[in-house]
Amino acid sequence: IEAHKARIYLKQGRLDRAQIWAQERGISVEDEVRYLSEYEHLTLAGVRLAEGSFDGVNDLLERLLALAEAQHRTGSVIEILLTQALVDQAQGDRLKAHAALERALRLAEPEGYLRTFAEKSDAMRQLLFDFRSANEKQPAHPLHSYVDKILAAFSPPVKVISKSAISNPAPEIIDPLTDRELEVLHLMALGLSNHE
């Protein structure tokens with residue numbers, strides 16, 4: 001539960017709270033990897049990613065991946081690959097990021113995974129866009145439609161609209177409602193029938 005809270009803190013941009021979790025938990029990238037600590041170690045990788053501190057993170061992810069593959073845990077393999085792709089992207093290794101992402105996509109597509117991707121950060125959305133555009137030259141790329149489906153599952157980005165210093169004295173209404181139309185709408189809102 002605490003690791004899940006740390007992930008929520010990361011999504012909220014509250015890195016300090018996630019770092020406190022990691023310190024209090026005493027978890028490290030050098031720890032022995034086990035199935036029962038996988039979620040926490042992936043959370044720690046997310047904290048290190050947010051910090052931009054990658055020492056030992058790649059090794060941790062490789063060890064987690066080897067364990068998950070040996071135990072045939074496809075869902076874990078996908079999540080580890082996605083985390084690895086984000087780490088590679090943050091380190092500026094686009095080719096490795098795309099390779100890890102493509103591998104995750106190929107494993108995820110048969111089962112139709114969406115949330116596993118869409119619950120990641122905006123960095124994942126950007127990585128998917130980048131992957132999609134890098135493969136535009138291959139119109140029949142087998143993952144195009146799946147990537148599009150995943151991108152559609154992301155929450156729409158929040159747009160901050162600042163108030164303009166320029167006033168608009170005449171808002172652009174294509175065809176304003178007449179007084180009669182407004183009256184009819186008011187009567188309909190009161191529950192009157194069409195005839196009435």
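Numbering starts at 1 and runs along the sequence shown.
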Requested in this report: Only counting residues at least two apart or in another chain, list the ones meeting side chain to side chain donor-acceptor pair (under 3.5 Å) with Thr83.
Outcome: none
Query raised in the report: Please, which pairs that meet side-chain hydrogen bond (donor to acceptor under 3.5 Å, both in side chains) have at least one residue in residues 106-120, sequence neighbours excluded?
Result: Glu102-Arg106
Query raised in the report: If you group Ile, Leu, Val, Met, Phe, Trp and Tyr by side-chain heavy-atom gaps below 4.5 Å, do Phe131 and Phe129 land in one group?
Result: yes
Query raised in the report: Are Val29 and Asp55 close enough, and set up right, to give a side chain to side chain contact (heavy atoms under 4.5 Å, CB included), and what steps lead you there?
Result: CA-CA 8 Å; Val29 293; Asp55 289 341; over 6 Å; no
Query raised in the report: In this structure, are over 12 heavy atoms from other groups packed under 6.0 Å from Asp179 atom CG?
Result: no
Query - Rounded distance (nearest 0.5 Å) linking atom CG of Leu128 with atom CG of Asp122 - result: 11.5 Å
Query raised in the report: Heavy-atom distance under 4.5 Å between the side chains of Leu105 and Ile150, does that happen here?
Result: yes
Query raised in the report: Looking at Ala45 and Leu61, what are the two nearest heavy atoms and their distance?
Result: CB-CD2, 4.1 Å
Requested in this report: Grab the two heavy atoms, one from Phe154 and one from Phe117, that are nearest each other, plus how far apart they are.
Outcome: CZ-O, 3.5 Å
Report task. Measure from NZ or CZ of Arg7 to the centre of the six-membered ring of Tyr39, then state whether that distance is under 6.0 Å and the direction lies within 45° of the axis. Result -> yes
Query raised in the report: What are the two closest non-hydrogen atoms of Glu38 and Arg73, and how far apart are they?
Result: OE1-NH1, 2.8 Å
**Report entry** Ile80 side, atom CD1; Arg103 side, atom CZ - distance, nearest 0.5 Å
**Finding:** 10.0 Å
Query raised in the report: If we ignore angles and hydrogens, is there a donor and acceptor under 3.5 Å between the side chains of His98 and Asp130?
Result: yes
Report task. Mind running side chain to side chain contact (heavy atoms under 4.5 Å, CB included) on Asp88 and Gln91 for me, showing each step along the way? Result -> CA-CA 5 Å; Asp88 291 337; Gln91 292 176 314; 4.0 Å; yes
Query raised in the report: Which atom names give the shortest non-hydrogen contact between Val87 and Leu49, and what distance separates them?
Result: CA-CD1, 3.9 Å
Query raised in the report: What do the steps show when you test Arg25 against Glu2 for salt bridge (Lys or Arg N to Asp or Glu O under 4.0 Å), and what is the final call?
Result: CA-CA 9 Å; Arg25 184 67 180 98; Glu2 295 304 315; over 6 Å; no
Report task. Enter the distance from Arg132:CZ to Leu101:CG here, rounded to the nearest 0.5 Å. Result -> 12.5 Å
Query raised in the report: So, for Arg17 and Tyr9, which heavy atoms are closest and what is the spacing to 0.1 Å?
Result: NH2-OH, 3.2 Å
Requested in this report: Starting at CD of Glu51, measure out to CG of Leu15 and round the result to the nearest 0.5 Å.
Outcome: 5.5 Å
Query raised in the report: Looking at CG of Leu60 and CG of Asp31, how far apart are the two atoms once the value is rounded to the nearest 0.5 Å?
Result: 8.0 Å
Query raised in the report: Could you walk me through whether Leu65 and Gln84 pass the side chain to side chain contact (heavy atoms under 4.5 Å, CB included) check?
Result: CA-CA 9 Å; Leu65 183 61; Gln84 183 64 60; over 6 Å; no
Query raised in the report: Hey, is CD on Gln12 packed in by over 12 heavy atoms from elsewhere, all under 6.0 Å?
Result: yes
Query raised in the report: Would you say Ser37's side chain and Glu40's backbone share a donor-acceptor pair under 3.5 angstrom?
Result: no
**Report entry** Straight-line distance of Leu114 CG to Lys149 NZ, nearest 0.5 Å
**Finding:** 6.5 Å
Report task. Identify the heavy atoms of Leu10 and Ala18 that sit nearest to each other, and give their distance. Result -> CD2-CB, 3.7 Å
Report task. Kindly indicate whether the side chain of Phe54, heavy atoms from C-beta on, has any atom under 4.5 Å from the side chain of Arg48. Result -> no
Report task. Ignoring hydrogens and angles, state whether a donor on the side chain of Gln89 or Asp93 is under 3.5 Å from an acceptor on the partner side chain. Result -> no
